[in-house]
A.B. asks: 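If you scroll down you'll find the structure; I have some questions about it.
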Amino acid sequence: MDMKTNFNIGSRIHELRVNSGLSQEKLALRANITTTYLGLLERNQKNPTVKVIEQICSQLNISLSDFFSPSPLPKKPVDAVSLQILAQISDRSAEEKLLILQTIKDISKLCDLSKKNTLGAIQKNTEKDSIP
C-alpha cells in the first residue's frame, strides 16, 4: 500500500477481509453491520465512522494501528480441517461446489446467530440479576 497517496479505507477493508478468508456476509454479520453497507465501504461509496472501523478490526482480530499500517499483515496459515474440507470437495463439479458453499454459508449464519442470541440472553440475565 502506497502511503504517499491518500489511504484507501475501502481497499484496506477488502484486503484484510479477503486475507482473513471471510465473505462480506460473514464479516458484516460479525461486525454488526449490513452486507450492503460493507460493500459500499469496500467500494469507497460510504465513509465509515471510527466505531465501524473498530468493529471490523475486532472481527478481523487486528488493532486500529494494524488497520492503518502500511505494511501488509501476514496471511493466516490454512489449518488441517480446512485442508480436509478442500480435499473432500476438490473432485466435485462446479455446481456441487456452489451448493456446498451455500450450505456452509447457511450453517455459518445459523452458528453466528446462535452465538449472538446466546450472548444476548446472557446479557439480559446479567442485567436482570443486577436490578435491585
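FYI, side chains are in, hydrogens and waters are out, and symmetry mates aren't considered; it's all heavy atoms of this structure. Bear in mind that the values here come from a model prediction, so they are computed numbers and not experimental data.
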A.B. asks: Please name all residues satisfying side-chain hydrogen bond (donor to acceptor under 3.5 Å, both in side chains) with Ser90, sequence neighbours left out, ordered by chain then number.
C.D. replies: none

A.B. asks: Between atom CD1 of Ile62 and atom CG of Asn19, what is the distance when rounded to the nearest 0.5 Å?
C.D. replies: 10.0 Å

A.B. asks: Once side chain to side chain contact (heavy atoms under 4.5 Å, CB included) is applied, do any residues pair with Glu54, and if so which ones, sequence neighbours excluded?
C.D. replies: Leu64

A.B. asks: Going from CZ on Phe67 to CG on Leu16, what distance comes out if it is rounded to the nearest 0.5 angstrom?
C.D. replies: 6.5 Å

A.B. asks: With sequence neighbours excluded, give me every salt bridge (charged side-chain N to carboxylate O under 4.0 Å, His left out) pair touching residues 36-50.
C.D. replies: Arg17-Glu42

A.B. asks: Return each pair, listed once, that meets salt bridge (charged side-chain N to carboxylate O under 4.0 Å, His left out) where at least one residue sits in residues 80-96; pairs must be two or more places apart or across chains.
C.D. replies: Arg92-Glu96

A.B. asks: Can you measure from CG (Leu60) to CZ (Arg12) and round to the nearest 0.5 angstrom?
C.D. replies: 9.5 Å

A.B. asks: Going from CG on Leu113 to NZ on Lys109, what distance comes out if it is rounded to the nearest 0.5 angstrom?
C.D. replies: 9.0 Å

A.B. asks: Nearest 0.5 Å please: distance from the NZ atom of Lys105 over to the CG atom of Asp112.
C.D. replies: 13.0 Å

A.B. asks: Looking at Gln88, I want to see if its CD is surrounded by more than 12 non-hydrogen atoms of other residues, nucleotides or ligands under 6.0 Å.
C.D. replies: no

A.B. asks: Should Cys57 and Asp66 count as side-chain neighbours, where that means a heavy-atom distance under 4.5 Å?
C.D. replies: no

A.B. asks: Are Leu40 and Ile56 connected, step by step, through hydrophobic side chains (Ile, Leu, Val, Met, Phe, Trp, Tyr) whose heavy atoms are closer than 4.5 Å?
C.D. replies: no

A.B. asks: To the nearest 0.5 Å, what is the distance between CD1 (Ile9) and CD1 (Ile53)?
C.D. replies: 4.0 Å

A.B. asks: Answer yes if Val81 and Leu86 sit in the same cluster of Ile, Leu, Val, Met, Phe, Trp and Tyr residues linked by side chain heavy atoms under 4.5 Å apart, and no otherwise.
C.D. replies: no

A.B. asks: State, yes or no, whether a side-chain contact exists between Val52 and Thr49 at a heavy-atom distance under 4.5 Å.
C.D. replies: yes

A.B. asks: Any chance you could pull the hydrophobic cluster mates of Ile89, using side-chain heavy atoms under 4.5 angstrom and chaining through other members?
C.D. replies: Ile100, Ile104

A.B. asks: Shared ILVMFWY cluster between Ile107 and Ile85, side chains joined below 4.5 angstrom?
C.D. replies: no

A.B. asks: For a quick test of your reading: what N or O donor-acceptor pairs under 3.5 Å do the side chains of residues 26-38 make, sequence neighbours left out?
C.D. replies:
| from | atom 1 | to | atom 2 | distance (Å) |
| --- | --- | --- | --- | --- |
| Lys26 | NZ | Ser108 | OG | 2.9 |
| Asn32 | OD1 | Lys116 | NZ | 3.1 |
| Thr34 | OG1 | Tyr37 | N | 3.0 |

